[in-house]
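Worksheet: the structure to be examined is printed underneath.
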Amino acid sequence: MYTYIGRRLLQMIPVLFGVSIVVFALINLTPGDPVAILLEQDATVEEIDRLREQLGLDQPWWLRYLQWAGGILTGDWGVSFRDSRPVLPMILGFMPATLELVVASMLISVGVGVTAGVISAVRQDSWFDHVTRIGAFLGISMPNFWVGIMLILLFALHLGILPASGRGSLLHILMPALTLGTSGMATITRITRSSMLEVIRQDYIRTARSKGLPERKVIYKHALRSALTAVLTVVGLQLGFRLGGTVIVETVFAWPGIGRFAYQRMMQRDYPMIMGNLLMFATLFCLVNLLVDVTYAFIDPRIRYD
Amino acid sequence: MGRKSSLIWIAVLLLLTMVMMAACAPAAVEDPDDEEEEVTPAEEPAEPVELRMGLASDATNLDPRLSTDVASANVTNLVYVGLLKWDMDTMEIIPYAAKEIEIPDDTTYIFHLHEGIFFHDGVELTAEDVKYTYDTFRDPDFGARNIAFYEPITEITIIDDYTVKFELREPNAPFLYYLSPGIVPKHIAEDKGTEFLQTNPVGAGPFVFKEWIPNDRVVLEAFDDYFEGRPAVDTIVLRPIPEVTTKLVELETGGVHLVDGVPPEDVDRLDDDPDVLVTFTPGTGFNYFSYHCGRAPFDDIRVRQAIAYGIDMETLVDHVFYGQREVAYSPIIPTSWAHNPDVRKFGYEPEKAMDLLSDAGYPDGLAVELKLSEGEITREMCEIVQHQLADIGVDISLLEQEWGAFYQDVLDGDIEMFTIGWSGQTDPDRGVYRQFHSRNWAPAGANRQLYANPTVDELLDLARTNTDQEIRKQKYFEIQEILAEEQPYTYVSYYVTIAAHRPEVQNYVGRCGYFYTWKLKDVTLAE
């Protein structure tokens, strides 16, 4: 296992390198001059050229990439075009809010999704199963910005029991986490249900029942554990995508996370910040994937990594 | 590998992931000199009065020399004191830190400062701080975004502690209008370096910086020793809430007391709410259609005039902006002393439009691509224009682009017809010089439509270099008459800032854009 994890960590390096080159090339090819966007609309060509030189944008893109990559290796992630401040501390300053939101939403998605999926599978074709399946369908279909706005109108405006926006107490995180977790909850419910249905029809489950084991133990200790492999794959993917996909929820709820910030900087062509966000998200995504793979070994003893 | 080892590795990886995401940087940037006061049981302080504002976006940089965006100005206008400031009622520049301005000749300005203006750390603001601030503005290595405004300055001399002299290379009438940014404390800027003031502003303004949680809030507290008198409220909290629905819910539920950027379509609904008062303030800009005046078909004035006649601008503006804006007809805004209300105005006359097109050689009409940046209101406006111009034989195809790509096309001259806006017009020179002088053709300048008229060029130069306001006014009047006639722009509407506040907010006077927070020191909250 140590060798496997070490190998995976080393494999991250060329992956991050490759991703960074592709994104760097893409942002430099994308129409839109970052200097013109930074300055007032009536800036003269002298002002534009002066700022371009100050920001290093007068150099060829390959040289700028090498400078950026070299800086990364020494811990220098560059200076934001927009804010004139170092990139890394700014990104790290936003991460806790996003982490908090993502973890809370995952707890909701997994907690509700797995529970509902298990019960739905065990009581297949019952009223609970039907309601769960309809709910899952709706959860996947509803766009999360709409869900968020509806929750704000209901709980903040009409009922007045939750704050509409911002970050602070547990009450602040309820609606954003629910909004972010809704479609994931629906997906996890469906995956759990279908995996469970497949597993509970297996011979070993029949054997466990015939041995007189309590039904609860049959379902949760034997069946669910086998079904979790598929669920874990989905959870891992969702975790990775959520870390980079919180922009809409963060915007709707004025949640001060990295998603909203990264989107703003992308629109403003803030190249150092775009690259910094990319590197952060890509690294997190790789680590989350590794975490999921290692967790497989815990769930399924047949899986071994050498 | 056993389960125990798997568990250990899972824990290690979780920890590694958490460390990656951990707050190495503090979530909040706090005032480093903040100290808690001890309160004895016998002296319970009164509940502080806190004014909460919901704004469209967050500040980016709290050093007034490095920021150019409105969101940052919302904060710096409260924390800092400028040499001069805007009187938004008269659109004139008036004394602020400088109590008096002496102008011995066209290129010399002597500013006499108030005595007894103190920075928030107790050090007095003197001429040395003024000189330091503007020397850094002019220093190319410092990186001030608006350095061009201060390039006419050749020398800044300290006469005494409260007197500073600015000398210019040549007469520059708009020069005073660029002296409103905050004066920074030299002793702090030099001692703590360039980055410090970007996140820890220290000024002499009515409010002291306490905390900035990026994309969450800026917290300011009243400065007891502010030279114009302590503000009425104890604390101001500025919260960036980009989603309009959320912002309005916060206002309606009391989460915030005051919001900016109310969409026109929400005004009627808010007017019906007894807990909300809506305010309208004339803006500092306008939106318009423009053309590539350097090539066919829009190099012909008759074609541009035909477009003006072919758009029912009254109906368009009334519909798109819910009757809350006026139709524009001049690039100098109505609240400016240089605005000419008597220029030629093109009403909706489709027959005349078709006659002009025919005279210009387009009896069967023509096809034009209209580029616009993404946005619901802009799109709606352009769709209406597309429909109206179809009636006069102008077949408009719309190309909506993301802002960066759109602006790049405009700067590159890759346009036939486009729509955009101008804002932040203070002095009239700001509204016309760079936009219409032929030496400012894009990409060198803001004359993106490649318009050229030697008479306009001469008038613009005269208006810029003459410090007599009456003479300047006369020149600007002539410029506006020519521009109205030649239509390098087909003007749409003048901006209006729509804000809203709760009824307990007293003494609030609406201000627009860059000047939004300037009068907040007078605001109180009724109980």
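Each chain gets a letter, A, B and so on, in the order its sequence line appears, and its residues count up from 1. In this text the structure is predicted, and so the values were computed from the model without any measurement.
Atom OH of B:Y177 sits in a crowded spot, with more than 12 heavy atoms from other residues, nucleotides or ligands closer than 6.0 Å. Heavy-atom contacts from other residues, nucleotides or ligands closer than 6.0 Å to CD of A:Q11 number more than 12.
Options B:I147, B:T194, B:D141 differ in how many heavy-atom pairs under 4.5 Å they form with chain A, and the most are formed by B:I147. The greatest number of non-hydrogen atom pairs below 4.5 Å with chain B, out of A:R260, A:M267, A:Q268, A:E47, is found for A:R260. When the candidates B:A446, B:G404, B:A59, B:G445 are compared by the number of heavy-atom contacts under 4.5 Å with chain A, B:G404 comes out ahead. The choice from A:P163, A:G148, A:P86, A:G160 that makes the most heavy-atom pairs within less than 4.5 Å of chain B is A:P86. Of the listed residues (B:R239, B:Q401, B:Q435), the one with the most heavy-atom contacts under 4.5 Å to chain A is B:R239. Per-residue counts of heavy-atom pairs under 4.5 Å with chain A were compared for B:N61, B:L66, B:V249; the largest is that of B:V249. Your options are A:D83, A:D33, A:T251, and the one with the most heavy-atom pairs under 4.5 Å with chain B is A:D83.
No part of B:L248 comes within reach of chain A, as not one of its non-hydrogen atoms sits under 4.5 angstrom from that chain. Both the backbone and the side chain of B:I241 have a heavy atom closer than 4.5 Å to some heavy atom of chain A. Of the atoms belonging to A:L153, it is side-chain heavy atoms, and not backbone ones, that fall under 4.5 Å from chain B. Proximity to chain B (any heavy atom under 4.5 Å) is shown, for A:R82, by both the backbone and the side chain. Only the side chain of B:E151 comes within contact range of chain A, with at least one heavy atom under 4.5 Å from a heavy atom of that chain. With a 4.5 angstrom heavy-atom cutoff, A:L157 touches chain B via backbone and side-chain atoms both. There is no contact between A:R8 and chain B, counting heavy-atom distances below 4.5 Å.
Ring to ring, A:F241 and A:F285 are close: their centroids are under 6.0 angstrom apart.
Between A:M106 and A:R242, the closest side-chain pair of non-hydrogen atoms falls below 4.5 Å.
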Using distance only, find each side-chain donor-acceptor pair of residues 87-99 of chain A under 3.5 Å and give its atom names and separation, not counting sequence neighbours.
unit_1	atom_1	unit_2	atom_2	d
A:T98	OG1	A:E250	OE2	2.8
A:T98	OG1	A:I258	N	2.7

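Screening B:K247, B:E243, B:E250 for a side-chain hydrogen bond (donor to acceptor under 3.5 Å, both in side chains) involving A:S165 leaves a single residue, B:E250.
Using the six-membered ring where Trp is involved, B:F149 and B:Y178 have ring planes that are parallel, under 30° apart on the 30 and 60° scheme.
A:T30 meets the side-chain hydrogen bond (donor to acceptor under 3.5 Å, both in side chains) test with no other residue; sequence neighbours excluded.
A cation-pi geometry, defined here as NZ or CZ lying under 6.0 Å from the six-membered ring centre and within 45° of its normal, holds between B:R464 and B:Y433.
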